[in-house]
There are 2 protein chains.
Amino acid sequence: HLDLHHYLLLSTESSNIRIYYCFRNIMKELQENFKKLLKTERVPVFLTSSGTGAMEASIVNFFKPEEDVLIVVGGKFGERFFKIAKRFGLNPICYEIEWGDYPKVEKIEKYLKENKNIKGVFIQICETSTGTFYPYKEIGEVCKKYDALLIADGITAVGVYNIEFDRSNIDILITGSQKALMTPPGVSAIIWNEKAHKRLGVNKRYKYYFDLEQEYKNQKEKFQTAYTPSVNLYAALNEALKVINKIGIEKIEKNTSIMSKATLKAFEEINLKPLSKNPAIGVSAICLPDSIDGNKLIKFIRENFNMYIAGGQGHLKGKIFRLCHFGYIDIFDTLNQISAVEFALNNLGYNFDLGKATKKAIEVISQYKGA
Amino acid sequence: HLDLHHYLLLSTESSNIRIYYCFRNIMKELQENFKKLLKTERVPVFLTSSGTGAMEASIVNFFKPEEDVLIVVGGKFGERFFKIAKRFGLNPICYEIEWGDYPKVEKIEKYLKENKNIKGVFIQICETSTGTFYPYKEIGEVCKKYDALLIADGITAVGVYNIEFDRSNIDILITGSQKALMTPPGVSAIIWNEKAHKRLGVNKRYKYYFDLEQEYKNQKEKFQTAYTPSVNLYAALNEALKVINKIGIEKIEKNTSIMSKATLKAFEEINLKPLSKNPAIGVSAICLPDSIDGNKLIKFIRENFNMYIAGGQGHLKGKIFRLCHFGYIDIFDTLNQISAVEFALNNLGYNFDLGKATKKAIEVISQYKGA
């Protein structure tokens, strides 16, 4: 367990003005490591905020009030984009899909064809609340065709998928420090291409802390942020990116997909289906039968094994559970998560052959990793 | 020097979902410790942002476009309030004072008398760029009389001065983690009284990440933030507040004022005057003669002593230097800062009796602390 004195150790150092002088070097490295991960030459901007701050930044900097944007709403994070756009006076058109479903490229093309004023399309790469992967590359092609920007929330996708930004058709990509990037929460990042850059500053009002024009200029040219950054977290993110780049995102993506496959097959084996029609590899959302209360399942696992798995959000609360496969999670954590769910299901009266799911996961993993 | 592995230690722990469960307890304690420091029963809101984020929050939540506000601009941070207000469509009236001067209560009363539509008055308690204390209590009395809110930036005042919030006449108070609160940057705080609370939500648009209605509800009732907080920094701030409250803010204020007095007297002794007409105790800004380049002074101190002192901002760059007396700084740090400046002045050709300033500081300190 974490020693709280570590916090104060960090404090003494960073509250000192000397951080001002070494911060530039941290920022230089951080930019390079982030660019390496995304295989891009574009300079990212880092913000002292959670991912939601970067979501807001993507709206207030590249769009202005009254403009039409298309927002895919298929879960909690799509909803969030929609709410932000509303608050900032945009005219968001909602492409609502059932939670667990994914946006259809043809449907997006139809929206863009019928409304030539749509300036941007907002999607998640992975909608975390439902564990669903959205086909961002194909959507990006359509956006290009109709000259709309594609804004992708990659908060649980960057560091999971090998997103080659410059070849991805994504115009604006967002991420946060605390998911696959294995850093404490509190830093978000946003990167955009030349096409998006032309619209940067289209809105002169209703932004100050999240003014990307100012941040881009400061960070690109001076390796400084416009306002005091969370220096410790920037340094931590830089260190984490070094680790990730050393392993290589291709290998990470492959390992993550094995854990995802193993998890989905494991639960199918005991008749539990994934919520998602197009599962993301980073997060698996599994449906529970009506007889099992998901909140109880999570509580049982927490109290008995000191293990923390995620439940459903919004109307899915109590109806699903979600397992994470990114970041520090390895194949043994994955097996442990599956076993823990098995123990809990057994305790809550679900009728199945205890151990069967974990056994199946082991078999799937061995196919890819060797026996 | 800080071991970077500490960062990753922190990372592994917090990226785990288990933080979700212990975070509530951290938040409960953090609220109590912050309330204790400010001797208030009001519940503060913490934001994952630098202090500038909280400045923005104070504008977008309590005021709406087109409304008149009075902003005291006597340094970099007053300017910042003005810029934010402009960006969000308010009608800010600028009470501009010379950098180093402080706002006059009579002048503020005049503004309020002549413009009955002024809904709020924005000030710094300490304008950090000039080391100036603004008479917030007296200004608050006038604001009360004319029914305008007083918004005080306490970023370098909270943890320095014994601000008894409920008796202070401040309606909205802002601070940040990284100054006197001795925590890494990345958390800001905002607290407001019942009177300000009635105006919370007067503006429904142009805020999402900094929506204080939502944060207040979440943090007060559920001890959770609306979006993922920088959990490590919240925990660090909580630990730092425990230390501060154990010492007691009265004692801290007294010690800080001794260091301030000693510093000002020391430099007066060698004919260097403070910039400020009303010096704040937390930061001393000292004017340099035209013959001395402040940038060179700071560089000399950094390169020769690995000590970091602050220079001037804006048009004062190169013309002043600033010494900090809050947070981890003790009387010996203060003496060291003064000596370092003496060495640098000597090196840069300033004609004075080397050692005289430090000697004077020692004498002043001994008057208060005993021989």
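Just so you know, these numbers use all the heavy atoms, side chains as well, and skip hydrogens, waters and symmetry mates.
Here the straight-line distance linking atom OH of Tyr208(A) with atom NZ of Lys86(B) works out to 14.0 Å at 0.5 Å rounding. The line from CD of Glu56(A) to OH of Tyr227(B) is 8.5 Å long, rounded to the nearest 0.5 Å. The CG atom of Asp211(B) sits 11.0 Å away from atom CD1 of Ile84(A), with the distance rounded to the nearest 0.5 Å. In this structure, CG in Leu47(A) is found 12.5 Å from OG1 in Thr48(B), a value given to the nearest 0.5 Å.
Taking the six-membered ring where the residue is Trp, Phe210(A) and Tyr209(B) present perpendicular rings, their angle passing 60° and hence far from 30°.
Note on Ala226(A), Cys324(A), Gly186(A): by heavy-atom pairs under 4.5 Å with chain B, the leading option is Gly186(A). Comparing Gly327(B), Pro229(B), Gly176(B) by heavy-atom pairs within less than 4.5 Å of chain A, the highest count is held by Pro229(B).
Taking the side chain as every heavy atom from C-beta outward, Asn232(B) and Pro185(A) approach each other to under 4.5 Å.
Listed by first then second residue, pairs satisfying salt bridge (Lys or Arg N to Asp or Glu O under 4.0 Å) with a partner in residues 75-85 of chain A number zero, not counting sequence neighbours.
The parts of Lys207(A) that come within reach of chain B are both its backbone and its side chain, each placing non-hydrogen atoms under 4.5 angstrom from that chain.
When all heavy atoms are compared, the tightest approach of Lys204(B) to Arg87(A) is O-CD, 3.2 Å.
For CD of Glu66(B), the number of neighbouring non-hydrogen atoms (other residues, nucleotides, ligands) closer than 6.0 Å is 12 at most.
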